[in-house]
Amino acid sequence: GAGLAIYDLIALKWAHERYSAEALIAREPALRGAPVRGGYHYFDAQTDDARLVMRVLHEAVARGGTALNYAPATDLLRTADGAVAGVVVTDSETGRTHEVRARAVINATGAWADGLRQKLGGEKRLRVIRGSHLVIPHDRLPVTEAVSMLHPRDGRAVFALPWEGVTLVGTTDVDHDGAMETTHTEPRIASSEGEYLLEAARNAFPSLELREADIRSTWAGVRPVINTGAKDPSKESREHALWHERGLLTVSGGKLTTFRVMAHEALRAIAREVPEVSRIDRRGRIFDDLDATASDAARASSSSSFDALPDAARARLLGRHGAHAADVAACGDAMPIADTPALGCELRWAARAEGVVHLDDLLLRRVRIGNLLADGGEGLFTQIRAVAQPELGWDDTMWEKEVVRYRALWKRGYGTEFSA
């Protein structure tokens, strides 16, 4: 309660409210039977991180940027005196390389940032931490709002939140000791993490009698934090840091909610090499104006598909696709995919215009049905194939190859069989 009061005072608004145990359970009946003494209601923001990234990329390209997929920077170009002057980019599908020279190089590669820094002889400064999640069908864990609960084992905050028609339970904070190659690997939840999250959910929602069989899928991600040597990964600071080393500017650490602050600080740090960045309006919008986007996109559309959508669907497409919202709607199928909020037109648009190379790109990182449906959406492969094959130009052999790859990747990184 004290923490929420401080947050509200900083924001200059009083937006939280205290509830008795009875009032809290009345608001979230799934909590009935839990050791609840009371709680607070407050407001926060929610996003789909993959769609956030895609919208940033689309709007950056529209403003003159270039985005490459499956093209990691694998080495640094150096001048005679050892200063960084560019990068070597490798096509991870073919192995071909290309040299890209630049006035400034910003290493904003998150948990992989130390890899480039070490090519200059720098010591590792980052600690890679894994956060894992359980995906549970909403009818088995029917929360209408995000529920923050303290784990009975160690007092850590764990959340159960409604998201895209399912309920997520997460997250963990453990050191990630797995492979950190840039492609073709996925972090995966460990058995200890799965048991930890399920224990939290059972404690908070005892009347639901949740079991491992209720878990529809899982996923894990890695985050970089500045390594201070704290014994508990959860105690490491989430502050970001910048390091300027022989012409390579690295920005890492931080959180999703501070990505814009981090970007502005990085740009200020290279202003001497690239003076034009000083003209960037640091108080402007992060994204294009949605009101303008809505009308302009609808007028530009070759059909009235966008106007015909329900309000919720229009809001979904505008938020996720910005200026392309009407183009997405014009792809045709405006019906939800199975029991998810994702629309059929989003699947076609992703295959057509969002840099899809593999089936997992499409189903896990563009349209998230691989996270939301049982067995990664395999029951819909016939319908998905009808969309993906012609849009991606895959023949039957390529489709079958991608299905085999996807099944193995999903089972290893997103399935319900936890690693040791």
Side-chain angles (χ1 to χ4, degrees), residues 2-16 40-60 106-113 125-133 145-149 156-164 168-174 176 187 219-228 230 233-243 249-269 280-290 315-316 318-322 365 368 371:
L4 291 173
I6 292 171
Y7 277 129
D8 282 356
L9 288 171
I10 293 173
L12 298 180
K13 61 181 180 181
W14 199 258
H16 72 277
Y40 292 84
H41 183 261
Y42 67 100
F43 294 89
D44 207 334
Q46 186 181 101
T47 190
D48 177 332
D49 55 345
R51 291 309 321 172
L52 175 66
V53 169
M54 290 307 300
R55 185 163 169 193
V56 168
L57 289 173
H58 275 301
E59 295 193 1
I106 299 178
N107 175 20
T109 54
W112 291 264
R125 295 189 176 185
L126 299 176
R127 184 173 184 174
V128 179
I129 294 176
R130 183 173 68 247
S132 298
H133 311 76
E145 299 173 282
V147 176
S148 174
M149 48 205 171
R156 278 188 69 253
V158 178
F159 290 83
L161 62 152
W163 183 78
E164 290 293 287
L168 301 185
V169 178
T171 180
T172 56
D173 263 324
V174 298
H176 180 69
W219 87 74
V222 292
R223 66 172 74 90
V225 297
I226 311 305
N227 191 355
T228 65
S234 295
K235 303 301 182 184
E236 292 283 22
S237 170
R238 295 318 194 241
E239 294 295 320
H240 62 275
L242 278 75
W243 302 296
L249 178 70
T250 297
V251 54
S252 195
K255 301 183 290 186
L256 181 67
T257 48
T258 60
F259 84 92
R260 191 188 197 198
V261 172
M262 295 167 67
H264 283 315
E265 288 188 15
L267 292 174
R268 282 198 295 271
I280 294 174
D281 180 5
R282 292 179 172 84
R283 293 172 296 179
R285 301 178 64 96
I286 295 177
F287 295 120
D288 293 337
D289 188 329
L290 275 181
R316 175 185 177 86
L318 284 169
R320 289 163 176 268
H321 300 277
R365 292 179 291 278
R368 305 294 286 270
N371 300 115

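Note that the structure is a prediction, hence the values are computed from the model and not measured. The analysis underlying the following values was restricted to heavy atoms, covering all of them including side chains, and did not include hydrogens, waters or symmetry mates.
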Subject >> Within 45° cone of Trp163 ring axis and under 6.0 Å: Arg368 NZ or CZ >> reply: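 Output no; distance or angle outside limits.
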
Just wondering, do [Y] and [X] contact through their side chains at under 4.5 Å, heavy atoms?
| X | Y | result |
| --- | --- | --- |
| Leu168 | Trp219 | yes |
| His264 | Ile280 | yes |
| Arg316 | His321 | no |
| His58 | Met54 | yes |
| Arg223 | Thr171 | yes |
| Glu265 | Val251 | no |
| Phe43 | Asp8 | no |
| Asn227 | Arg125 | no |

To check you understand the geometry: which heavy-atom pair defines the closest contact between [X] and [Y], and what is its length?
| X | Y | result |
| --- | --- | --- |
| Ile286 | Glu59 | O-OE1, 4.3 Å |
| Ser132 | Thr172 | N-OG1, 2.9 Å |
| Ser252 | Leu126 | OG-CD1, 3.5 Å |
| Ile226 | Glu236 | O-OE1, 3.5 Å |
| Lys235 | Ala230 | CB-CB, 4.3 Å |
| Gly254 | Met262 | CA-SD, 4.0 Å |

Original post:
Which word best sums up how the rings of Trp14 and His16 line up, parallel for under 30°, tilted for 30 to 60°, or perpendicular for over 60°?
Top reply: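 Rings of Trp14 and His16: tilted, as their planes differ by 30° to 60°.
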
Original post:
Taking everything shown except Phe287 itself, do over 12 heavy atoms lie less than 6.0 Å from its CZ?
Top reply: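 Above 12, so yes.
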
Original post:
Rounded to the nearest 0.5 Å, how far does CZ of Arg51 lie from CZ of Arg320?
Top reply: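 Result: 7.0 Å between the selected atoms.
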
Subject >> Under the side chain to side chain contact (heavy atoms under 4.5 Å, CB included) test, residues paired with Arg156 that sit two or more places apart >> reply: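 Expected list: Asp154, Val158, Asp173, Tyr196, Ser234.
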
**OP:** Check the pair Asn107 / Trp243 against side chain to side chain contact (heavy atoms under 4.5 Å, CB included), numbers first and verdict last.
**Re:** CA-CA 10 Å; Asn107 175 20; Trp243 302 296; over 6 Å; no

Subject >> Full working for side chain to side chain contact (heavy atoms under 4.5 Å, CB included) between Asn371 and Glu164 >> reply: CA-CA 10 Å; Asn371 300 115; Glu164 290 293 287; over 6 Å; no

**OP:** Keeping the roles fixed (side chain from Arg365, backbone from Ala50), state whether a donor-acceptor pair exists under 3.5 Å.
**Re:**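 The answer is no, because no donor-acceptor pair under 3.5 Å joins these two groups.
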
Original post:
Run the side chain to side chain contact (heavy atoms under 4.5 Å, CB included) check on Trp112 and Val128 step by step: do they pass?
Top reply: CA-CA 9 Å; Trp112 291 264; Val128 179; over 6 Å; no

